[in-house]
Amino acid sequence: MATYPGKDIEREANGIACPLTPADATAAAWDGPAARIVAVEPETPADDAGFEAGCYLTSVDGRPLRDIIDWRWLASDDVISVGYIDLDGEVGEVELEREPGEDWGFAFDGVLFDPVKLCRNACVFCFMRQLPGDVRPSLVLRDDDFRLSFLSGTFVTLTNLTPEDEARIVEQHISPLRVSLHASNPELRRRMIGRHADHGLAALGRLLDAGIEAHAQIVLMPGVNDGDALRETLEWAWKRPGLGGVGIVPLGFTKHQTALQESFTTPEAAKSVIEVIRPFQERARAERGTPWVFAADEFYVNAYGADTPAHIPPASDYGDYDMFEDGIGIVRSYVDEFGEAVASGLAARTADALAQHNLVARYVVGEAMQPFLDAMIASSPLVGRLVPLTVRNSYFGGNVNVTGLLCACDIVPAIAGVEAKEVQGEDAGCLDRVSSAATETADDVLTRGRGGGSRAGCAANETVQWTVSPSEPLLEHVPPPRPRDAGSRQLFLLPKVIFNDDGVTLDDMTVQDIEKAADVPVHVVSCNPLDYLPEIIELAKDSF
């Protein structure tokens, strides 16, 4: 049963509807939510009662079904009465009975059966308001739904909660929630997120008092809510034990706006944040057995560059890595997995498999990975065989540099640049970034891939600078690569985080589109070394 909000967000933003059947027509006119059934497990109570894909459930024991939480809550007994709409559009009610522990047998279309609750704030740092004007609608739909916070880990402000919402959260114990805190000072908080800020903070206090747990996130803005303001916010949060942890992420901004131009990109600025939270972490370890407050990996990478692995907190600090989606713990997990791959011989086996077939694996990553990944590979058996293809994010611009936000319009020219150097006989397998001297523009290669048209977010005839030279500190850590055989072939690898569940990039291109535009085969692999290195071995074996 899916719990990821993507399907619900896509439907809400795009107005996606199922083919109009009699059941759909009745559900559309229904006075209340209706849960569309997409599959029925054989030999279950749902199957025995005659339910089929395309039917709807409207209630359990007379109470409406607003979402999957309602279903789990209301259908917990072994005998229930469900309201339904059948395939003919007829409305009825039937009693279902199951054995203890047996599943009812329904699979639903998404996790929300009524509209997504939208954001009503005016956050000065809102990333969705910084996107290009022609992105698909789902990318700019600003959801602020406590149900998705519980089910999928999205962060909400609680500023749109009604008294009925609060009562429901407490009754059904919808916990933990993930809450955007940003600042505890009321005036500062209002300046950051708008006039409803007080409502959200008061609601959070009431929910915490009622026993609901929450994890907080702070989007940190230079000169706004950092420094003493951050200390004040952390002191406020520390006094509320129901706040089980606080994650701090740096302001992200794109080139598609003019108000935001600075984040914690310099080593000095990044280290200052790490130093502010250090006393809180020490107190939390002593009193609660956990660091409690966590800085996003980006702070450590910006502060320490290629030396990040020596400074990132230990795995024990991150516990179950439950803030992974917020960029907290990803580097530690990656570094540990890479070290395990080297120690176990997996890295050497991968290098041998590539060498046997005269291949160089070009693994596409964002600039955020470059400093420490280059350094780790340079001191491993994979040097010269696994070569990161570091891609600058020109589509979003600004300080956006993580792999998961890379778009095809920047990846394709990077791949084409490597191929151009190979054709010209240059060494494209070195550990430095690919030269940006290729003459094709982004529009040239993408027009070729899509059969016409231009790419969103890039000006016509713009020569995209998709690469970046190593920083001076990095050069001290990277020895010359191991020589490669002449004529080595390139194996282009895209981490799956670049694609959504439908296999589409943020700029709406598929793997096939990328292959056509770059005019070379590409392969989608995992994001974790212990997974993608075995995948590389298999790809090497299948390369002939």
Side-chain angles (χ1 to χ4, degrees), residues 1-99 102-118 143 145-152 160-174:
M1 193 175 294
T3 59
Y4 185 71
K7 183 181 294 187
D8 303 275
I9 297 296
E10 290 285 348
R11 185 188 301 110
E12 185 78 17
N14 298 302
I16 296 174
C18 303
L20 191 60
T21 66
D24 298 329
T26 301
W30 186 255
D31 185 20
R36 188 172 186 271
I37 300 166
V38 294
V40 174
E41 186 178 347
E43 300 181 6
T44 60
D47 185 38
D48 294 342
F51 284 99
E52 300 177 69
C55 296
Y56 288 81
L57 294 188
T58 58
S59 65
V60 174
D61 293 335
R63 298 181 65 175
L65 284 177
R66 296 162 289 189
D67 45 58
I68 201 73
I69 303 172
D70 269 346
W71 169 250
R72 294 170 181 172
W73 180 263
L74 299 173
S76 59
D77 293 334
D78 291 331
V79 179
I80 59 174
S81 178
V82 298
Y84 66 83
I85 301 171
D86 67 17
L87 293 180
D88 295 323
E90 298 296 324
V91 175
E93 191 170 331
V94 64
E95 184 175 277
L96 302 181
E97 184 175 356
R98 65 178 178 180
E99 297 296 325
E102 184 182 13
D103 191 89
W104 288 113
F106 295 105
F108 298 107
D109 184 19
V111 297
L112 304 183
F113 311 143
D114 64 359
V116 176
K117 298 180 185 296
L118 300 179
D143 62 288
D145 199 312
F146 71 88
R147 300 169 298 176
L148 296 180
S149 178
F150 171 69
L151 292 167
S152 308
N160 60 358
L161 282 192
T162 65
E164 292 75 20
D165 290 333
E166 286 189 43
R168 181 191 175 190
I169 291 171
V170 174
E171 178 196 5
Q172 296 183 343
H173 199 73
I174 301 176

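Every value quoted in this text rests on a predicted model; they were computed, and no experiment measured them.
Looking at N160, its side chain does come within 3.5 Å of a backbone N or O of L118 through a donor-acceptor pair. A distance-only check finds no donor-acceptor pair linking the side chain of D88 to the backbone of E90 [under 3.5 Å]. Formation of a donor-acceptor pair under 3.5 Å by the W104 side chain with backbone atoms of A75 is found in this model.
Using modelled atom types and a 3.5 Å distance limit, the side chains of T44 and D47 yield no donor-acceptor pair.
The two residues I80 and D77 make their nearest non-hydrogen contact at CG2-O, 4.1 Å. Taking each heavy atom of D145 and P115 in turn, the nearest pair found is OD2-O, 4.3 Å. The heavy-atom pair separating G54 from L87 by the smallest distance is C-CD2, 3.5 Å. Scanning both residues, T58 and A34, for their nearest heavy atoms gives CG2-CB, 4.2 Å. Between V38 and A53, the closest heavy-atom pair is O-CB, 3.4 Å. The two residues W73 and E171 come nearest to each other via the heavy atoms CH2-O, 3.1 Å.
Taking the side chain as every heavy atom from C-beta outward, I169 and F150 never approach each other to under 4.5 Å. Residues L74 and D61 are not in side-chain contact: their nearest non-hydrogen atoms beyond the backbone lie 4.5 Å or more apart.
Atom OH of Y56 and atom CD1 of I37 lie 10.0 Å apart (nearest 0.5 Å). Residue E43 holds its CD atom at 8.0 Å from CG of D48, rounded to the nearest 0.5 Å. Expressed to the nearest 0.5 Å, how far CD of E93 lies from CD of E95 amounts to 9.5 Å. We find the CG-OG distance between L65 and S59 to be 6.5 Å, quoted to the nearest 0.5 Å. A distance of 6.5 Å separates CG of L161 from CZ of F146, quoted to the nearest 0.5 Å. Atom CZ of residue R98 and atom CG of residue D103 lie 7.5 Å apart, to the nearest 0.5 angstrom.
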### Task
Please test F113 against R66 for side-chain contact (heavy atoms from CB on, under 4.5 Å), starting from the C-alpha separation and ending with a verdict.
CA-CA 5 Å; F113 311 143; R66 296 162 289 189; 5.8 Å; no
### Task
I would like to know whether V82 and F51 meet side-chain contact (heavy atoms from CB on, under 4.5 Å); could you show each step before the answer?
CA-CA 11 Å; V82 298; F51 284 99; 4.0 Å; yes
### Message
Applying side-chain contact (heavy atoms from CB on, under 4.5 Å) to L148 and V111, what does each step give before you reach the verdict?
### Response
CA-CA 8 Å; L148 296 180; V111 297; 4.0 Å; yes
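Aromatic pair W71/F106: centroids less than 6.0 angstrom apart.
For the pairing with D70, the side-chain hydrogen bond (donor to acceptor under 3.5 Å, both in side chains) check across R168, R63, R147 returns one residue only, R168.
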